[in-house]
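No hydrogens, no waters, no symmetry mates; every other heavy atom, side chains included, goes into these values.
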Amino acid sequence: MEQLKFIFIVLIIIFMGGCTTGKLYYIDNSGKRNLGCDVAFTGLPSVDKYAVEYALSLCAKSFIAKRADNIGIEILAS
């Protein structure tokens, strides 16, 4: 029973560590760097990267469509 508890705790720690994040910044006309999108995905580590990239790409498309007239378009991904 003690081994099962240990395995369960180890699995929880592994899944908690499997969080992937991404941020998308833009530079406005005055040269100030602003956060446009912030994405976090917790789940299967093998698909986290792709889920975050997809979410950031959708966010960037939406962001540009809404604000393209108001800002100088220079997108920085990190």
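What you find for Cys59 and Gly36 is that their closest heavy atoms are SG-O, 4.2 Å. Across all non-hydrogen atoms, the minimal contact from Gly22 to Asp38 is O-OD1, 3.4 Å.
Here the side chains of Ile27 and Lys32 are not in contact, with every heavy-atom distance at 4.5 Å or above.
Atoms CG and OH, from Asn34 and Tyr26 in turn, are 4.0 Å apart once rounded to the nearest 0.5 Å.
With sequence neighbours left out, the side-chain contact (heavy atoms from CB on, under 4.5 Å) criterion links Val39 to Val52, Ala55, Leu56. Judged as a side-chain contact (heavy atoms from CB on, under 4.5 Å), and not counting sequence neighbours, Lys61 has no contacts. The side-chain contact (heavy atoms from CB on, under 4.5 Å) search around Ile7 returns Leu11, not counting sequence neighbours.
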